[in-house]
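Just follow the structure's listing: the first ligand is 1, and inside any ligand the first atom is 1. Residue numbers run from 1 in the order of the sequence given.
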Amino acid sequence: MDEKKLMQTLRARLTDARLVHSVNVAESAHALAERWGADPEKAHWAGLAHDVCKCDSVDKMTNILTRAGYDFLDCERGNAKLLHAPAGATFLRESGLCADDDILDAVRYHTTGRAGMSLLEKVVFMADLVSADRDYPDVETVRQMTFSDLDGALNYALAFIKAQLERRGEAIHPNSVVRDED
Ligand SMILES: [Fe+2]
Ligand SMILES: [Fe+2]
């Protein structure tokens, strides 16, 4: 986990705004990890890296995943929002930037969540939603909730995201439908 090499990669691959977001998510993830007993270093690194493919074209993300033998779901094909997370995890592993499965899974599931999420996955998922650059109407409520009730915040966020996707008529990834109650 070479942070200097990661930062060089992020500077080359991300827009300035996306880089700022990534640094903010790393800070939030670090703080949440300390609050909930996850590994703060891994949380920080995963937060920095989570959107490494976010500025790639759909074709590029699709190629990264295809080369790695990824089994695409129908809802993922052509969907940049859904592809950038598994593409990011695959890119980080294939480029030799990260070999840590905990971190790679936190990146892989940062958009959809999944049933049985690890603590690190939850921390990175929520950090992405409450980072300093986020400014949706109830961000402050969600921010506070992440420090008082992480699972409650997660379920609240998943319900919110699901409602938003339904309103926009966008695909809901099957991973997001399953709630984790533990
Ligand atoms: Fe993302
Ligand atoms: Fe993000």
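- Note on ring orientation: taking the six-membered ring where Trp is involved, the planes of Y70 and F72 are perpendicular (angle over 60°, cut-offs 30° and 60°).
- With Y156 as reference, D138 is the one residue of D138, D151, T146 to meet the side-chain hydrogen bond (donor to acceptor under 3.5 Å, both in side chains) rule.
- With F125 as the aromatic partner, R114 does not meet the cation-pi criteria of under 6.0 angstrom to the ring centre and within 45 degrees of the ring axis.
- We find that E121 and R108 are not joined by a salt bridge, their nearest charged nitrogen and carboxylate oxygen being 4.0 Å or further apart.
- For an aromatic pair to be called close, the ring centres must be under 6.0 Å apart, and H50 with H84 fails this.
- The tally of protein N/O/S atoms under 2.8 Å from the Fe ion (ligand 2) stands at 4.
- Counting heavy atoms from C-beta on, the side chains of V124 and V107 never come closer than 4.5 Å.
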